[in-house]
Amino acid sequence: MCGITGWVSYRRDLTQHRSDIDAMTQTMSCRGPDAAGVWVAPHVALGHRRLAVIDLPGGAQPMTVETPGGSVSMVYSGEAYNFTELRSELRRAGQQFDTDSDTEVVLRGYLVWGEKLVEHLNGMYAFAIWDARTERLVMIRDRMGIKPFYYYETEDGVVFGSEPKAVLANPTVTPVVGPDGLRELFAGAKTPGGAVWEGMREVRPGEIIVLDRGGMRHHIYWRLRSEPHTDSKDETVAHVRELLDDIVGRQLVADVPRCTLLSGGLDSSALTSLSQIHLAPQGETVRSFAVDFPDQDKHFQAIDVSPTQDTPYVHAVAEHVGCDHQDIVLDGAALAAPEVRRAAVGARDLPSGIGDRDNSLYLLFAAIRRHSTVALSGESADEVFGGYPWFHDERRYAETFPWLAGPHSLVESSGQISEDLKPVLGLGDYLAESYRTAVAEAPALDGETGLDQRMRVVSYLHLTRMVQTLLDRKDRMSMAVGLEVRVPFCDHRLVQYVFNTPWSLKTFDGREKSLLRAATRDVLPASVANRKKSGYPGTFDPAYVKAIQSQGADLLRTGHTATDLVNRERLSEATRLPATDLNQQQRMLLERALDLGAWFDIHRPTVKV
């Protein structure tokens with residue numbers, strides 16, 4: 001896992017801009033603490049920071065292969081889980097290898113297959129290839145958008161990077177946020193390909209972008225497609241298990257210590273158990289880690305997406321599996337520390353407004369990194385298998401994104417925004433148009449009607465909108481401390497298969513995630529197999545709430561720029577109430593204001609409305 005960046009300029013001599021590409025590359029040091037490399041030619045500069053996971057001595061980047069027609073160079077972030085098979089296939093095609101890394105497999109795959117390389121890859125990846133034979137840049141992102149990839153088109157080329165901070169470090173780019181960027185910040189539904197920063201875009205999931213002197217061309221090489229599902233219930237369950245066994249086995253391959261993120265929920269528990277099954281024949285025991293908070297049993301408050309505490313279930317799985325488990329306990333003082341918030345906001349380049357959950361995830365990953373370099377996560381199982389409460393109640397019929405229906409994010413975001421900004425942003429209209437665009441994209445299945453038809457659309461919304469936010473969060477927080485998090489439930493084979501499974505099969509036992517439960521019940525304790533969905537936990541420690549109230553009051557007292565974007569009157573009220581009296585909306589307003597404060601301090605954006 002790594003951080004990549006680069007600059008193509010057809011009118012400049014980039015050999016005179018070495019310090020600029022060095023600065024861009026340095027912003028990615030957190031993503032690649034093990035090594036750094038820069039490659040510069042007259043019209044292209046590539047930078048790379050490496051987190052060594054496979055072939056530790058080899059795999060240095062940027063990687064270049066000399067051909068009779070010119071050099072071909074690449075910067076690559078991610079993992080190709082089928083690199084061993086691909087290497088054998090490429091050797092049969094006449095390629096000779098100098099390393100054991102998956103990076104060289106991807107580069108030599110391009111030499112043989114060109115852009116059709118993507119048809120052969122199984123993994124998570126974002127990479128850019130400069131082909132000097134044609135003076136073109138090829139940018140490619142994995143099918144589900146697991147690895148981030150941002151770019152900024154210039155008058156004579158492009159600037160790109162794993163994260164916005166790498167792009168913003170280029171002298172041709174200025175940190176400007178306009179109305180659309182603010183809408184993205186507050187809306188609660190990510191626009192594929194969009195970015196908060198003006199002029200910046202994301203390479204979309206499953207997209208190839210080719211840049212040459214003639215301009216930029218875009219091609220989507222993979223998207224969800226609708227197909228008839230003909231397997232019986234038993235065949236479907238068996239195939240899900242077969243896929244999971246293969247996926248987990250592939251994603252455990254690493255030359256560094258591995259672990260799992262264990263919440264005691266169905267998703268992470270299944271991965272932990274399957275990991276132990278794979279590792280046991282090698283004489284290994286899977287390591288697992290969970291987050292917890294002091295006196296959580298005393299302060300815990302059940303909410304819609306988190307109705308139960310994790311710890312009892314975590315310990316039940318650890319005992320059942322026999323894994324080497326450790327709880328990471330985070331107290332309110334650590335979570336509320338301004339430097340932690342600054343690190344979390346800096347990692348995401350966004351003021352997310354869910355501060356305690358971002359802060360705790362950052363601290364959790366930092367603690368895990370002291371023991372492991374690679375972690376398997378249950379992220380995205382809810383989007384794939386239908387795990388959220390709103391998949392199963394009236395919210396699934398709402399004429400908006402289901403996770404925003406009812407008294408949820410739209411209402412809360414509207415309440416956070418400055419009264420002066422509301423008419424400028426028109427958040428309701430923006431979300432309505434975003435929703436219509438997403439629904440229009442959803443692939444229909446001939447003859448499908450009623451609930452099955454609607455749930456196909458709902459699944460599509462989650463797999464193309466909601467999951468992008470969660471994957472970006474997981475990647476940024478983990479890579480900020482040099483931890484590679486893998487997401488087995490995002491394997492495109494599993495996603496495509498389950499997407500086409502009728503809703504009646506996905507809920508055949510009257511519960512959420514029926515297929516996943518049935519496919520893994522044999523490796524789980526009964527209490528976990530039957531546990532109701534519960535999301536990533538937040539802290540309910542009154543000391544934490546009091547601390548962020550005090551910090552919010554400081555923002556108001558100093559007239560921080562961040563308070564220009566939020567509702568000052570409501571923020572002021574939230575800072576004065578007893579900590580135990582704050583409702584969810586007031587607490588979210590505090591988190592948003594503090595995240596905005598850190599964001600302005602880090603990036604100094606110019607906001608244009």
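Being a predicted model, the structure only gives us computed values, none of them experimental.
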Apply ring-ring contact (aromatic ring centres under 6.0 Å, His included) to His560 and list each qualifying residue two or more places apart in sequence or on a separate chain. none
Which residues pass the side-chain hydrogen bond (donor to acceptor under 3.5 Å, both in side chains) test with His218, sequence neighbours left out? Glu207
Can you sort out the partners of Tyr152 under side-chain hydrogen bond (donor to acceptor under 3.5 Å, both in side chains), two or more places apart, ordered by chain and number? none
side-chain hydrogen bond (donor to acceptor under 3.5 Å, both in side chains) filter on Asn122, not counting sequence neighbours, yields Asp491
Restricting to side-chain hydrogen bond (donor to acceptor under 3.5 Å, both in side chains), what partner residues turn up for Arg201, sequence neighbours left out? none
Got a sec, which pairs hit ring-ring contact (aromatic ring centres under 6.0 Å, His included) with one end in residues 416-441, sequence neighbours left out? Phe401-Tyr435
Show the atom names and distances, to 0.1 Å, of all donor-acceptor pairs under 3.5 Å that link a side chain in residues 166-174 to residues at least two apart or in another chain.
{"unit_1": "Asn170", "atom_1": "OD1", "unit_2": "Thr172", "atom_2": "N", "d": "2.8"}
{"unit_1": "Asn170", "atom_1": "OD1", "unit_2": "Thr172", "atom_2": "OG1", "d": "2.6"}

Are Glu433 and Arg436 within salt-bridge range, i.e. N to O under 4.0 Å? yes
With Asp472 via salt bridge (charged side-chain N to carboxylate O under 4.0 Å, His left out) - residues at least two apart: Arg476
Would you indicate whether the side-chain heavy atoms of Val159 and Met200 approach each other to under 4.5 Å? no
Go through the structure and list residues passing ring-ring contact (aromatic ring centres under 6.0 Å, His included) with Phe489, not counting sequence neighbours. none
List in chain and number order the residues that pass side-chain contact (heavy atoms from CB on, under 4.5 Å) with Glu153, two or more places apart in sequence or in another chain; answer none if no residue qualifies. Met216
Looking at Lys422 and Glu419, is there a salt bridge between them, counting it only when a charged N and a carboxylate O are closer than 4.0 Å? yes
With a 3.5 Å cut-off and no angle check, do the side chains of Glu163 and Thr27 form a donor-acceptor pair? no
Sequence-distant partners of Trp197, ring-ring contact (aromatic ring centres under 6.0 Å, His included), two or more places apart: Trp599, His603
Answer yes when Lys147 and Asp142 have at least one side-chain N-carboxylate O distance shorter than 4.0 Å, and no when they do not. no
Is it true that Gln61 and Tyr76 share a donor-acceptor pair across their side chains at a distance under 3.5 Å? no
Hey, do the aromatic rings of His462 and Trp403 have their centres closer than 6.0 Å? yes
If you look only at distance, which donor and acceptor atoms sit under 3.5 Å apart when one is on a side chain in residues 376-383 and the other is two or more places apart or in another chain?
{"unit_1": "Ser377", "atom_1": "OG", "unit_2": "Glu379", "atom_2": "N", "d": "3.0"}
{"unit_1": "Ser377", "atom_1": "OG", "unit_2": "Lys474", "atom_2": "NZ", "d": "2.8"}
{"unit_1": "Glu379", "atom_1": "OE1", "unit_2": "Lys474", "atom_2": "NZ", "d": "3.0"}
{"unit_1": "Asp382", "atom_1": "OD1", "unit_2": "Lys513", "atom_2": "NZ", "d": "2.8"}
{"unit_1": "Asp382", "atom_1": "OD2", "unit_2": "Lys533", "atom_2": "NZ", "d": "2.5"}
{"unit_1": "Glu383", "atom_1": "OE2", "unit_2": "Tyr388", "atom_2": "OH", "d": "2.5"}

Between Gln416 and Arg592, do the side chains contain an N or O donor and an N or O acceptor separated by less than 3.5 Å? yes
CD/Glu339: more than 12 non-hydrogen atoms of other groups inside 6.0 Å: yes
